[in-house]
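Written out below as structure tokens is the structure these notes cover.
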Amino acid sequence: MDDAAHTTGPAPSPDAALTTDLLVVGAGPTGLMAGLVARRRGLSGLVVDPKPGPTRESRAIVVQSRSMEILDQLGLVAPVLEGAQAAGRIRIRQGGPGVGADFAAAQQGDTPFPGARVFEQSRTERLLADALAAEGTPVRYGHGLVSFTADPSADDGVEALLEGPEGPVRVRARWLIGADGASSPVRHQLGLPFEGVTDEATFCVADLHGVRGIETGALTARFGRQRFAILFPLGEGGHARLIWLHGGAEPDQEEALAGAREDLGIRYARVDWFSAYRVHHRIASRFRQGPVFLAGDAAHVHSPVGGQGMNTGLQDAHHLVNLLADVASGLREPGQLERYEAERRPVALALVRIVDRAFGVIARPGRGTAFVRRRARDLLAVLAPRLLASPVGRRLGGWLGQYRIHYHPVPEGEPLPRWARDRAVGRRLLPTDANREALRAMSWQLHVVGADEAMRPQVPAAMEGPFFDAATDRGTGSAPGADARMLLVRPDGFVAASWPLHAGAAAASEVADALRAYGMTPGPAGPSA
């Protein structure tokens, strides 16, 4: 890795203070994504972390489809495609050849990156940290947050004190993001409850070599009398990550692996890394307090079995910093900052509710759930391949890949305005060959579906387009051949509004209504495109 990515930076004089738009506390995947999006959107940013450099352990390992789309938008997807172990199937196996279920096939046509990629967190951090360093904003490793002050009723303004290798560093920032993990000092200083439970069982993880019976390109589910486990392929030679829930007491390495060998029939040659800890299922009571925000594990933690955690944090950061950049540029009113919590907290709640409960029932050890596991194994072996091959499989694939997310454009319970009635609104625009370059700009854009020309409506001058996307029907949820319409697309790729086109033009009143809902004012109308 380039040494520049480890730069601690020159220490300011004791009386000086660094000034930045955005202070990001924590240089895990979430914090690094926040810093990189800030850089791309023109915000000055400072990412700090007390650790000496990027994580060396593999930790989170799965990169889902939506995260791949974001990395593609940032121009960073190629190293993941080249270096990751692709996994598009899950094998349900115990004592036989097993039954396969193809979730990548269920995602075909809905994402350019079907299936999951096994790409260790350490490599994800190096990728993002190197990109930041190459763009002149290296992470300040070795710098930990001591304290900060912020008016909880204000939209911006934070004073923070860091401790670095050469002493205290004061920072004045417009906003602060706490991306500092499950034990988040930022969340603790805000005094926000971290609501939820701690699992009774101990979660175990081991990186193994020479594992027998795993299939390249597939996840393998193992069902034992007392345990459930998943094997994730990491590379050639039977290199795999094994994750399972062991029992109530925290075991040492040999005790835990002995249980996996005896109950799950796991056979391997050597162990690279092992860890055991309790799993928390928690979510912060709020994701924002004034100019301070929480993202990633600082805002929500849950079972890692489904390979969703790191991906949710990456999307938190991508969503939030695009919103901050819109406000910083003056395009949107500061009150729009409330959308971060309104849109991202329900995603985290759904993840905790659905994923954790489902895996908790199957994975919890002990004879009391053995019958449930056996029934689950038998049912999954029969139903999973059929479900994934059915129309329901498309939905399941979208939830697993995290691209089937719906952000409600108006508060729940309010009537939908005309511009929000298209099923496309609140869902991400499918990246295609026709629109991929446009979406990489991370700007507000106008996309036209079902027409070859259209009049640019009265929108802010910063909005790009119209772009003509004849192939976006499946991605927006509208039937092929639907009436011509113009889509307002956010920098994160989600559709903010949809306006029917009449004689190539959208109704000015509907355009103005949508812009006001997003804290924007109309601009001059443009010529026909």
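Position 1 is the first residue of the sequence; numbering continues from there.
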Side-chain ([X]) to main-chain ([Y]) donor-acceptor, under 3.5 angstrom:
{"X": "Q85", "Y": "A240", "answer": "no"}
{"X": "D316", "Y": "A295", "answer": "no"}
{"X": "Y518", "Y": "A496", "answer": "yes"}
{"X": "D110", "Y": "Q107", "answer": "no"}
{"X": "D72", "Y": "M68", "answer": "no"}
{"X": "D180", "Y": "V186", "answer": "yes"}
{"X": "R91", "Y": "A218", "answer": "no"}
{"X": "D21", "Y": "G45", "answer": "no"}
{"X": "T432", "Y": "N435", "answer": "yes"}
{"X": "Q445", "Y": "V489", "answer": "no"}

Report task. Could you give me the CA-CA distance, side-chain angles and deciding distance for L488 and S498, then say whether side-chain contact (heavy atoms from CB on, under 4.5 Å) is met? Result -> CA-CA 6 Å; L488 176 63; S498 175; over 6 Å; no

Looking at side-chain heavy atoms only, is the closest gap between [X] and [Y] below 4.5 Å?
{"X": "T111", "Y": "E69", "result": "yes"}
{"X": "L314", "Y": "R66", "result": "no"}
{"X": "F293", "Y": "L22", "result": "no"}
{"X": "L219", "Y": "P233", "result": "yes"}
{"X": "L36", "Y": "L74", "result": "yes"}
{"X": "V62", "Y": "M310", "result": "no"}
{"X": "T30", "Y": "T312", "result": "no"}
{"X": "R172", "Y": "L18", "result": "no"}

How long is the straight-line distance from [atom2] of [Y] back to [atom1] of [X], given to the nearest 0.5 Å?
{"X": "D492", "Y": "H318", "atom1": "CG", "atom2": "NE2", "value": "6.0 Å"}
{"X": "E464", "Y": "R456", "atom1": "CD", "atom2": "CZ", "value": "9.0 Å"}
{"X": "Q336", "Y": "L324", "atom1": "CD", "atom2": "CG", "value": "12.5 Å"}
{"X": "R187", "Y": "S285", "atom1": "CZ", "atom2": "OG", "value": "9.5 Å"}
{"X": "L127", "Y": "F119", "atom1": "CG", "atom2": "CZ", "value": "5.5 Å"}
{"X": "R490", "Y": "L429", "atom1": "CZ", "atom2": "CG", "value": "12.5 Å"}

Query raised in the report: Using 30° and 60° as the class limits, which term best fits the ring planes of H447 and F467: parallel, tilted or perpendicular?
Result: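 Ring orientation of H447 relative to F467: tilted.
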
Answer yes or no: does atom [atom1] of [X] have more than 12 heavy-atom neighbours from other residues, nucleotides or ligands under 6.0 Å?
{"X": "R418", "atom1": "CZ", "result": "no"}
{"X": "R395", "atom1": "CZ", "result": "no"}
{"X": "E236", "atom1": "CD", "result": "no"}

Going by distance alone, is a donor N or O of one side chain under 3.5 Å from an acceptor N or O of the other, for [X] and [Y]?
{"X": "R41", "Y": "N322", "result": "yes"}
{"X": "Q402", "Y": "S67", "result": "no"}
{"X": "E343", "Y": "H319", "result": "yes"}

Considering all heavy atoms, the nearest [X]-[Y] contact:
{"X": "L71", "Y": "M33", "value": "CD2-CE, 4.3 Å"}
{"X": "F113", "Y": "S65", "value": "O-OG, 2.8 Å"}
{"X": "H300", "Y": "F287", "value": "CD2-CZ, 3.8 Å"}
{"X": "R344", "Y": "Y407", "value": "NH1-OH, 2.8 Å"}
{"X": "A27", "Y": "E125", "value": "O-OE1, 3.6 Å"}
{"X": "G157", "Y": "P291", "value": "O-CG, 3.5 Å"}

**Report entry** Residue pair E341, R288: steps toward the salt bridge (charged side-chain N to carboxylate O under 4.0 Å, His left out) verdict
**Finding:** CA-CA 7 Å; E341 180 175 309; R288 178 199 178 197; over 6 Å; no

Requested in this report: Might you work through the salt bridge (charged side-chain N to carboxylate O under 4.0 Å, His left out) test for E195 and R282, ending with a clear yes or no?
Outcome: CA-CA 5 Å; E195 299 161 347; R282 298 183 182 276; over 6 Å; no

Query raised in the report: Name the one of D326, L331, L439 that satisfies side chain to side chain contact (heavy atoms under 4.5 Å, CB included) with P491?
Result: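 Single side chain to side chain contact (heavy atoms under 4.5 Å, CB included) partner of P491 among D326, L331, L439: D326.
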
**Report entry** Verdict with reasoning, E120 to R126, per side-chain contact (heavy atoms from CB on, under 4.5 Å)
**Finding:** CA-CA 10 Å; E120 299 94 321; R126 285 196 298 271; over 6 Å; no

Query raised in the report: How far apart are the C-alpha atoms of Y403 and L430, what are their side-chain angles, what is the distance that settles it, and do they pass the side-chain contact (heavy atoms from CB on, under 4.5 Å) test?
Result: CA-CA 9 Å; Y403 54 81; L430 172 64; over 6 Å; no

Query raised in the report: Stepwise, does the side-chain contact (heavy atoms from CB on, under 4.5 Å) test hold for I243 with F232?
Result: CA-CA 8 Å; I243 58 176; F232 295 82; 3.2 Å; yes

Query - Listed partners of D513 passing salt bridge (Lys or Arg N to Asp or Glu O under 4.0 Å), at least two apart - result: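 Checked D513 against salt bridge (Lys or Arg N to Asp or Glu O under 4.0 Å); matches are R516.
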
